[in-house]
Amino acid sequence: MLMLKVECSLWFSLFSCSCAQGDLVTHTAWLNRSSILYAGEDKWSVDPRVSLVTLNQDEFTIKIEDVDLTDEGQYICAVQTSSRPRTTSVHIIVQVPPKIVNLSKDLVVNEGSNVTLMCLANGKPEPAIGWRMLSPSDDSLSSDSEVLEIPFISRYRAGVYECTAANDIAVDTQTVELTVNYPPSVSDGRDVGVTLGQRGVLQCEADAVPEADFEWYRDDRRIFNGFDGIEIEDAGAFSKLTFFNVSEADYGNYTCVATNKLGSANTSIILYEIIEPTSSTLLQAETASVLEMTSSDLEQTTFENNDLLEGPGAVQDGNSGTSTVFTPTCLLLVVLLQLLLKF
């Protein structure tokens, strides 16, 4: 009795089917649905991807290269024996790795807008599609469907979003970059103290998308780069106003204004004078300090002498009956003389 057995294999894009035969077989053929692919050694198919691998008394094998979905279906191995024809079949299911075919483009939106990201993919089995925020990573912002909805988007939701399509065969990923525009916010300015004739720098920092343009003002008058020896340097989120030789007229209140297409913000910075101590001011300060210390010492000495004179054995004036105290005023004069010699 003749037993037909069909074995098929898929190696990447190469599909092959073998039909075991026997000595009683006189004619053989491979069919795909109603079309004859091979009848013995004769190729009936016009598809160049179909070819004969083996044909002998034990095996009849064909192969199909670059398999696609059109190759899915029933394949029949038919043999003719001396008594009657016999057939056996196999159903081929073609699996296709997922491929993302429609994805939202990179987006630029204003803060507060509603955002919808779309991702469509093909594959067999049908792929599962999901969204997540890739950079900066945020597990709380994700979706297990083709659509990711972000209502009233904030600046903190800007970044790179990843769509993933996966089935039993493979995984496909693509990304979308989402930019969120928002008006400037300016950090509080720090007042700067500078000595007359020295270099002074006022700094201003603004957070904004797109990046802010900077303007500097003194009262209501705008300051331009190079004006009165002043240099203005902008670098991204920072702006610097530099005085190379501060004069009396430079001291005052300055305003930094940051502007983009969504709005503006400003901060005020005061440039104030730092007075360096001179020889005379140092002498006055040290003299005052010494006088204060000496006065305190004299009071303490007087208090102690009074205690001694009022105690047993104290010497009193015969007429007034009061104690006599000698204050070391010469010590004070010596200290002051030494301070004067320093200068």
Tell me, do N167 and E126 make a side-chain contact under 4.5 Å, heavy atoms counted?
-> no

Do the side chains of L241 and V201 get nearer than 4.5 Å, heavy atoms only?
-> no

Is the CG atom of D144 crowded by more than 12 outside heavy atoms at less than 6.0 Å?
-> no

Should R157 and D138 be marked as a salt bridge (charged side-chain N to carboxylate O under 4.0 Å, His left out) after you check the CA-CA gap, both sets of side-chain angles, and the distance that decides it?
-> CA-CA 9 Å; R157 297 299 192 187; D138 186 351; 2.5 Å; yes

Looking at side-chain heavy atoms only, is the closest gap between Y38 and T28 below 4.5 Å?
-> no

Heavy-atom donor-acceptor pair, E177 side chain to D106 backbone, under 3.5 Å = no

Can you check whether V171 reaches T164 side chain to side chain, under 4.5 Å on heavy atoms?
-> yes

Pairwise side chain to side chain donor-acceptor pair (under 3.5 Å) hits with a residue in residues 188-197, at least two apart | none

Contacts of S45 meeting side chain to side chain donor-acceptor pair (under 3.5 Å) (sequence neighbours excluded), chain-then-number -> none

Close side-chain approach of S239 to Q203, heavy-atom, < 4.5 Å = no

Measure centre to centre between the rings of Y251 and F243, then say whether the value is under 6.0 Å.
-> no

Going through the checks in order, is the side chain to side chain contact (heavy atoms under 4.5 Å, CB included) test met by V209 and R155?
-> CA-CA 9 Å; V209 175; R155 66 193 67 182; over 6 Å; no

Cut-off 3.5 Å, side chains only: do Q74 and S89 have a donor facing an acceptor?
-> yes

Do the side chain of T54 and the main chain of F60 share a donor and acceptor less than 3.5 angstrom apart?
-> no

Do N181 and P210 touch side chain to side chain, with heavy atoms closer than 4.5 Å?
-> yes

Can you name the closest pair of heavy atoms from A206 and V186 and give their distance?
-> CB-CG2, 4.2 Å

Minimum heavy-atom separation for V94 to E72, with atom names?
-> N-OE1, 2.8 Å

Apart from L148 itself, what residues make up its hydrophobic cluster when side-chain heavy atoms of I, L, V, M, F, W and Y under 4.5 Å apart count as a link, directly or indirectly?
-> I100, L103, L107, V109, V115, L117, W131, M133, L141, I150, I153, Y161, V176, L178, V180

List, by chain and then residue number, the residues other than I76 in its hydrophobic cluster (Ile/Leu/Val/Met/Phe/Trp/Tyr, side-chain heavy atoms under 4.5 Å); write none if there are no others.
-> L31, I36, W44

Rest of the hydrophobic cluster containing Y272 (Ile/Leu/Val/Met/Phe/Trp/Tyr, side-chain heavy atoms under 4.5 Å)?
-> I270, I274

Could you tell me which non-hydrogen atom of P184 sits nearest to which non-hydrogen atom of A265, and how far apart they are?
-> O-CB, 3.6 Å

Enclosure of E211 CD (heavy-atom neighbours >12, cutoff 6.0 Å) = no

Within-4.5 Å side-chain heavy-atom neighbours: C204 and T267 = yes

Common cluster, Y254/V192, ILVMFWY with side-chain heavy-atom separation under 4.5 Å = yes

Does a side-chain N-to-carboxylate-O contact under 4.0 Å join K240 and E231?
-> no

Taking only residues two or more places apart in sequence, or in another chain, which ones meet D207 in a side chain to side chain donor-acceptor pair (under 3.5 Å)?
-> Y182

All heavy atoms of T255 vs all of S268, minimum pair found to be OG1-OG, 3.7 Å

Min side-chain heavy-atom separation V50-K63 under 4.5 Å = no

Any side-chain donor-acceptor pair under 3.5 Å between S113 and N110?
-> no

Do the charged groups of R49 and D71 touch, with an N to O distance under 4.0 Å?
-> yes

